[in-house]
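Just so we're on the same page: letters track the sequence lines, and every chain starts at 1. All values reported here derive from a predicted model rather than from experimental measurement.
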Amino acid sequence: MPATSSPHTPQPAGTAAPGEVVLEAHDLVKTFTTGRGGLGRTRVSSVDGISLSLRAGESLGIVGESGCGKSTLARMLVGLEVPDSGSISYRGRDVTAARRGDRRLLRRGVQMVFQDPYTSLDPRMTVLEIVGEPLAASRTGTRAARRERVAELLSLVGLAPDLMERYPHQFSGGQRQRIGIARALALEPEVLVCDEPVSALDVSVQAQVVNVLRDLQRRLGVTLLFIAHDLSVVRHVADRVAVMYLGRLAEIGPTATVYEAPAHPYTQALLSASPVVDRARRGRMAARIVLDGDPPSPTSPPAGCRFHTRCRMAREDCRTDVPSLRRPSEAQERARLAACHHAEDALTRLEDVFGPA
Amino acid sequence: MRVRGLSVEFRTRRGPVPSVRGVDLDVARGELVALLGESGSGKSVTVRSIMGLDADNARSSADEMRLGDTDLLALSDDERRRLRGHRMSMVFQDALSALNPVLSVGDQIGDLIRAHTDTSRRAARARAVELLEMVGIPGASRRVGDYPHQFSGGMRQRILIGMAIALEPELLLADEPTTALDVTVQAQILELLDRLRRELDMAVLLITHDLGVVSEVADRVAVMYAGRIVERGSGDDLLARPAHPYTEALLTSVPQAEGLGRDLVTIPGSPPNPERVPPGCAFHPRCSWAVEDCRKTRPALIEIRRGRDSACHRSQEVVGAGNE
Amino acid sequence: PSKKAAESGSGVQLRIATTTDVVNFNPLIGSSRTDYWLTNLMYPHLLTIGNDGTKQPSLATKWGYTSPTTGFYEIRGDMKWSDGTPLTASDVAYTLNAVKKDKPSGTLYGQLANFSSAKAVSPTRVELKLSKPDATVIPEVGFWGNVVPEHVFGKAGSVAKFANNANWVSAGPYRLTKVAKGQSYTMERVTPYPLAPGGRPTVSQVVYKVYPDVNTEILALKNGDVDAIANALPPAQVQPLKQADGITVEEVPGLGYAHLAYNMDKKPLDNVKVRQALAHAVDYEAIRKVVLQGQAVSTGSSPLMPVLKQFYDPSLQEYTFDPAMARKLLQDAGYTADGSGKFPLSFRMIYSLQDPVTAQWATLVRDDAAKAGITIKPQGLERNTYLAKTDAGDFDIYAGNFAIMDDPATNMTLTYLPKGIINYSHVDASDLSALVTKAQATTDVNEQKKLVQAAAKLVHDQVYDNVMYTQNLYVAHRSNWTGFVVKPSELLSIVDPQSLANVKSSS
Amino acid sequence: MTSLIESAAGTADVADAADRPTAAKATWDAFRRNPLGILAMGLLALLIVVALVAPLLASYPRGHGTAILRPPSAAHWFGTDNLGRDVFAEVVYGTRASMLVAAGATALAIVIGVTVAVCSAYFRWVDGVMGVLVDLFLSLPVLPLMILVAALVGPSLQTIVFVLAFFSWPEVSRVVRSQALAVVRLPYVDAARLATGSPLWIIRKHLLPAVAPVIAVSVVLTASRAVLSAAGLAFLGLGDPNSWSWGRILFEAQQSGAMQEAWWTTLFPSLAILALVVAATLLSIAYNDARDPRTRKD
Amino acid sequence: MPPLARFALRRLLRGVVTIWFAVTVTFLMLRLLPGDPALAVANPNMTRETRQALLHQYGLDQSLAVQYGKYLWQLLHGNLGVSFSQSVPVTTALMERLPWTLLLTVSALVVTIVIGVPLGVVAASRRGFWDRAVQLSGVVGQSLFVPSIGIFLLYFLGLKLRWFPIGGAYAENTYGIAWYGSVLRHLVLPCLSLVLVQLGSYVLTLRSTLIDALGEDYCMLARANGLGERKVVWKHALRNALLPTTTLVGLQLGFVVGGAVLTETIYAYPGIGRGIYEAVTRLDFPVLQGAFVLLSATVIVANLLTDLAYGLLDPRVRTA
Ligand SMILES: Nc1ncnc2c1ncn2[C@@H]1O[C@H](COP(=O)(O)OP(=O)(O)OP(=O)(O)O)[C@@H](O)[C@H]1O
Ligand SMILES: Nc1ncnc2c1ncn2[C@@H]1O[C@H](COP(=O)(O)OP(=O)(O)OP(=O)(O)O)[C@@H](O)[C@H]1O
Ligand SMILES: [Mg+2]
Ligand SMILES: [Mg+2]
C-alpha cells in the first residue's frame, strides 16, 4: 500500500526520502546515581557509548537481557532522558541539549510506545482525551477537528472510532496498546520508538499489535525502533537488529545475518538459549551454549569487554581492552558490525549455536 | 498425582467468580507435565488449590485429589500443612518477592526443614548449604547467611528450587518459574529443573504460557482456557497436531522463522473475563471454526485419540486441517 | 533522691499547693507568686501589713523620719542568719544600696526613686537619705523590701544577676533545703526564730507542691495530698469547698482593686462625658454578684477602698448602671444614635487571658455597654502581649486589677501623675497632680488623708479611673490545721512567715 | 491484509467491559457497604449541619444567667457553666467556630502543601530545596511552636488559622509528595511529556487528578488534627476569647475550677471533639479501604 | 571515603542543619513577633530605667544580626546562655526537665509497642469482630483530646479510686526503693494518656502493613513450605511489617516529646514541654531557644536510633 493512498491517511512529519538518516545517536552515555537506604550512592552505568543511526522507513530491532539499557536508550532517543554525554541529532539538527525549540522538534518527529499498556494510559481520561492530548495540549485545531482526527487515528490502529468516549479500563491489553500507538501517531512522527510493546501482552494478543505496527510502517513509512526481548518477535519485525549487553552494543546488522551467522559470542549464546517452538530441537538442551552465572551488575561493570566474565571464548585481551564495534574480516555482510576481539573465531564455531545440522 | 473435577470459585463483591471449572490433571512420577494457558486462565489458582493454599475468598471443591495413595481431601488442615513442603512443594514465579527479604536464605531453608523433621538448627543449616550447592550456588557455605537481595535473579530462583526439593517431594509444582528471567538464565533454570526431576524422580507440573518452553521440556501438555482444560496430550503430538482451535491459533500466532515477512496470524479479541465467560464453548467468539452449536453447547473434554483429549465440537476437522 | 534521710522527718510537715512554679530564688528579682511565698520565709521584711493596710512592725521595731529627706528604721537585735551570722543594720543598708545600684527587676527598685543611700549608723539602726521629701519611702520600702544577707549576696557581684539557687541562708522561720524543679520545694524549720512563739516554729517542714491548675489543687486537697491551697480559689469554688468535709475556707481581705482605665490619649475618651457615659454603662452589681459570687465590695468608684479604713471616703457613690443616663451623656457630648440605637463609638478593651476573673467580666462589660449603644470590643491577650500593649498605650480601655494598693499616696503618684508608671488612663490633670504631689510629701497623716480624699473625688467625678471593686479572696486548708494567720492579699495569704511560724496540726 | 478494524467480536468484548464500573463508582459502591464509613459520614454531616444552623438550635451564649453550674436538665440540656450560660449553646456555637478554624486552616495548608508537593514531584530542582525544607519543618516540635506564635501574636481567629496552617502544610506536602512522586514515575506521565512541553498541562491534567484521593484524605486528616490542635491551644488559654470554641469551653471550665465537680462543662465539649475527630478519621479509613481494590475484594 | 564514614558525616551534617534551622526559626520568631521579655520578667510597676537595664542585661538592645551571630557563636561552644527569669544557665534549667520528659515518652513508647504489636497482630490475623474492635478503639484512642482524658483519669483513678497521685513526678521525702516506687506511681497516669493517644496510630499502621505482608508471596511460600500459621505471622510477616512501624516511631518520638506539653501540663509533670509553656509565658528567650535546640537534638537522635533499628530489622539496609 503506498504511503499516500488516501487523503485521510496521516502524513509523517517530515518527508525524508527512504534511506535517508532521520535520527542519529552518537556515543550516548547515561549513568544513574541512586542513593537508596541512606548508605552511600551507587552509580549505575546504564548506557555506555552507543551510536546508532535510523534511516527513514526502516525498522531497527534492539534485543538484550533485562537491565542492559534498552529502555534508557529509548528514553534518551525520545528526549525523556538527557544523555550525560554524546549527541542525538534529528534530521541533521542536534537536539541533545534540552532547548525548548529542539524539544518541540524532537517531540513532533519522534514518539514512543510504552511497554505496559496498563500504566501508560491515564485511567481518568477517555480515549478521546488520551489520543487527542498531544493536539489539545498544543491547541491544534478545534475541538471538533481534533475529534475527527482521533477517530481517524483510532481506525488506523484498528479500533472502532465510536469507542472513544470509553475509559482505558474498559479495554483489553491489546486494545490499550493500540490506543497507545494511536496517541503516539497523533503528532505524525517520523520515528516511532517502541519499548517492548508486546512483552506485557498475552501470547494470543501479541500478534495483533505486531501486525498493527508493521502495517503502519508499510502504509505510513514510519521508521520503527523496536525493542523486545523475544528474539522471534524482533526477527519478525526488524530489518536490522542491534544486540545490547550491559549498556553497550555487542552486535548490529541486518536481521537475517545476525540471526543466521551471529558473530558475537553473546549473540550466539542468546540465540542458542531462546526456546523455539520446534519439537525437533527438544532434548538438545545439553548441547546448547548455556552461559554461566548471571549478567554482572551494572553498578560495577567488568573492565575490558563487558561480556568476558561469561564468555566461553574469553582471553586475556578481553579482560583489559574494550573491543570496538567493527566489521569482522572476511565476513560477507558489510553492514554487520560486532564488538568482539575474536568475532572471526566465533563465526567459525556457529554449529555450537544451532547444534550439528 | 491425580486430580479430578477441581473447581475454584471466588466470592467477590460482584458475585461469585468461577476461575477454575472441573479440571482433571494427572502427573506421574518422573514426568513433566506442562500446563499452558494465557494470563487469567486459572493456572495459578489450580496450583494453589492443589497445594491447599486457597485465598480467603476462594471456595474450592474437587471430586478427587490424591497424592500417591494419600487422599488429600480427607486430610485435616494440619495434616495438609505437614504435607506441604514435604511431599509436595512449589516454586513461585517471582523469586524476589517469594523470598522473605528480612530473613537469611539459610534461615528460610532451615525453617522449612525444621517444620517437617526433627533437626537441630545446626544440622538444618548444614543441609541448607548442601541444597544450595546442589542447585549450583557457588560458595554455598559462605552465602548461606546472605539475604535474598544479595543474590541475582537467577540465583534466587535456584534457591527457591532448592527449597522446593529440600525434602525430596514427590510432586513439584512450578508456577512460571522462568517468566521473570532472561532467556540465558531461563535456560539454566529449565536445565536444573530437568536434572533434578530425573535425579529425584519427581513428578513436575510446570506452568507456563511460553510455547517455546513447553516445546522444549514437556513430556505431556495440558492447555487451559477460561478455567478449563481444553486440550491434553503428549507434547510431541499436541504441538504437532493441535486438535483444539485455540491451541492451533496459539501455535500459529507465534512468529516463526518460516513466516518471515508475512503478517502474523492473529486471534481476534481477547481472553474472556472469568466473570463473564461466554456460554457454550468459551472460545467461540474468537474462534474461526465456530459454528452455531459452539454458541450453545459446551463441548466436553473427550478422548479423540489414545492419550489425546480435546474439548471441541470440531476437533477432528481441526486436526485434519493441521495435517494438510 | 538525696542519700540523707530526713532526720527532721519526725516532726510535722505542712504541704501547701500552688499553681505557679518557682522561677527565681533571688527575692530582689523574683516576680512569681510562689517566689514571694518561698523567699519571704527566708528573707525578712522590715514591716508587715495589717488587714486595713496599716504597717506593722516585723524586723523593724520603729521607723519614721528625722527630717523631710532622712528616714530611719530601728531593727531587732536578736535576729540571726541560719549560718550563725547576726542580721544587722548593715544587711539592711547593703540591700537597699545594692538594689539602687544594680537595678534588679523586682518591685523594690521601683520604690527607691527618691532614695539616695542608706547607712547603718548602729547595728540596729539604719538611716536613709532621700533626694527629695517623700513620705512614702519608709513605709513602702519597709513593706516591699526583703532584707538579704550581705555576706552571701555581696560575694555574687550584681544582685540583679545572682540566681541564689543553692546553699540558702535564712533569717526567717524556714530555710529551703530541697528543690525538685516544677514539683516541690521543701523547707526546714530554722531555730531559733525569735518571732515564733517560744522561738521555734511549730511545724518542722513546709513543702510547696506545684499543681497544673486550681482544679487539680482542689482534687489534691480533697484527697489529702496537700494541707492547704494558698492561692485564691476561683469564686465559684468557694461555696462548694466551704461545704466539703474536713476543709476550712479562710477569707483573705483584698488590698487591691479591679478597674477600667480609659485611655485619655485616644480621642473621644478625653471627653469627660464620654467617660461618664461609659461608667454608667457597666453593671457593677451583676459583675460582683455573678462573676465574683458576691465576694467583692464596691469602692464607690473611688481608688480609696473601704479596707483602707483610715482613708476611705463613704460619701463617694458608685456610678449606677444606667444605660439611659449613658445615652443622655453621649447625646450631651454631641453623639447621636443610629436607627438601631447604636452610637458611632467603638472601643477596644484589652485584658489578660491569664486573669480568669477579668476575662469573665470583660464580656459582661461588652454586653452591658451594648445596651447603652456603645460598642466595646474586648481583646483578650496573652499576659506578655497584654503587658506590652499596656506599656505602649495601645488600647482604648484597659481592664485589669492591682493586687496590693496599700498606701494611697504612693499609689496615686504611680497611677495619676503624668509620668506614673501605672498611669494607664494617661491622665494629666494639673489639679490632680498638685494634690497627689502634695500628699506624697506630707508626713502628717491627717493632712495626707484630706489630700488623697480630694484627689479621689476628682478621680471619681472626672472618671480618671473607674475602680470597680475590691475582691476578697478565699483560700482553703484541711480542717486539722489551726493557727493560720490571715494576711491581706494573695501575696501574703496564709503563708506569711508569721502565719507559718504559728500554724499547727491538731491531729 | 486482514481488516485491522476490530471485528464484531472485539467490539462486543469492549461492550462487555463497558459495564465495569469506573473507579469512582466502584469506590462509592464499596464505601456504601461499610457501616462505619456511613456512620462516620452521617456524624460528620450532622456536625456540619449543627454548625450551619446554630442560630436555630440555640441563641448565642452571652451575658450571664442566674442558674450557675446547674447539671443537665430539660431547660439546659448540657447544664450551665459558672456564669450560668447554657453549655448546650456553647457547644453548638463551638461547633461552628471549631469547624470554621479547621476549614480555614485546612484550606490554607492544603493549598500550600499541595502546591509544594506537586512542584517538588514534578521539578527535581524544587524537590532539592523544598524537600529539605519540608523535612526540616517536620522535625520541628510543632505544638510548642504553635503555642509560642499564638502567645506572641495574640490569640484571634485569624492567628489560630494561620498558625495551624503554617505548621500543617509540611505534613500535607509529605503525604501528597510521596504519592505524586509515584505518579510522576508512571509511564502515562512520560507519555504526556512526549505530548506537550507544558508542565502546567501535565500537572493540571494528570498529576492533580491522580493525587486527588490522597488530597481528599489529607483534607480530612489535616482538619481533624487542626481541631485537636486548636482545642489544645484554646485549652492553654491561647484560643480566640471572643468566639466560642470547644477548647474555650474546657479552658473556662478549668479557669473557674469547675472541672471536677461540674462534669457537664467538660464532658460535652470533649465528646464533641471526639465525635468530630473520630468521624473524620473513620471516614478517611473507610474511603481508603473502599478505594483499595484489595481490601474491597472485587 | 568509606561508605560508613560518609554516611555518618551526612547524618551529622543533617543533624547540624536541623538544629540550625530550629534555632533560626525560634530566634526569628521570638524577636520579630511582638512581646517584650523585660516586661514579662518584671512586675508591672517597673520603671523605664529598670527596663532598659534589663534589656541591656539580656543583650536585647543590640541589632538582630549581632544577637544572632553572638547566639550562634555561643551555641558552637555549647553555651545556651543564661535564663532571663531564673538567672541560671539554660543548660541547668533544661537538664532538670529533660530526664522526666524522656522517662515519660520512652516509657509510653515501650508500653505502646508492647501492647500495640499483639493488638496489631490480632487485628490483622483474626479478621472480623476482633479486627473491627481493635480498629475502632485505635481510631477512638487516636482522636482523644489529651486534657479530656487527663481530667477523666485524674478524677476517677486519682480522686475517686485514689490509685494514683495527682500531679508531679515523685513524692517528696521518699528515698531508695520507695522513691522509685513513687516515680512509677506518678508515671502511670501521664504515661497512660500518652499510650491511649498514640496506640491507635501504631496499631492501625501495624495492622495494615501486616495485612499487606500476609498477602505477600513470601508468606505464601512460607505456607507452601508447610510452616504453621503462627510462625508465618510472627516470624515471616511481622518482621517485615515492623519496618514501617519503626519509621513511625522515629517520626513520632520527636513529635511526642514536643507534644507532651498538654500531658505534662495536665499532670504537672516537670518535663520539658511544660517548661516550654512556662518559658513562653515569661518570654524567656534563652530557655525557649535552648529547648528547641534540645528538642531538635532529640528528634535527630530518635531518627538515628530508628535508622539503627531499621538496619537491624532490614538486612537490605544493613548489608547495602
Ligand atoms: N531512573 C533510574 N535511576 C537509576 N537507575 C536506573 C534508572 N533507569 C534505569 N536505571 C538502571 O539502568 C539500567 C538499565 O535500565 P533499562 O531500564 O534501560 O534496562 P532495560 O534494558 O530496558 O531492561 P528491561 O528489559 O528490564 O526493560 C538498569 O540497571 C537500571 O537499574
Ligand atoms: N483472590 C482472588 N479473588 C478474586 N479473583 C481471583 C483471586 N485470585 C485469582 N482470581 C481470578 O482468578 C482468575 C485466574 O487467576 P490465575 O492467577 O489462576 O491466572 P493465571 O492463569 O495464573 O494467570 P497468569 O499467567 O497471569 O499467572 C483470574 O481472573 C483472577 O482474576
Ligand atoms: Mg526496559
Ligand atoms: Mg499465575
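Atom CZ of A/R143 has 12 or fewer heavy atoms from other residues, nucleotides or ligands within 6.0 Å.
With a 4.5 Å cut-off on non-hydrogen atoms, A/A186 does not touch chain D at all. Looking at A/S138, there are no atoms closer than 4.5 Å to chain D (heavy atoms on both sides), in backbone or side chain. A/D116 does not touch chain D: none of its heavy atoms, backbone or side chain, sits under 4.5 Å away. With a threshold of 4.5 angstrom between heavy atoms, A/R104 does not approach chain D through any atom at all.
Electrostatic pairing of D/R193 and D/D190 counts as a salt bridge here, judged by a charged N lying under 4.0 Å from a carboxylate O. With salt bridges taken as basic N to acidic carboxylate O contacts below 4.0 Å, none links D/K205 and A/E133.
With A/F114 as the aromatic partner, A/R176 does not meet the cation-pi criteria of under 6.0 angstrom to the ring centre and within 45 degrees of the ring axis.
Ranking A/E129, A/R75, A/M112 against chain D, the residue ahead of the rest is A/R75, based on heavy-atom pairs under 4.5 Å. Note: A/V78 leads A/V78, A/I130, A/L106 in heavy-atom pairs under 4.5 Å with chain D.
Remark: side-chain polar atoms of A/R214 are paired, donor with acceptor, to backbone N or O of A/H236 under 3.5 angstrom.
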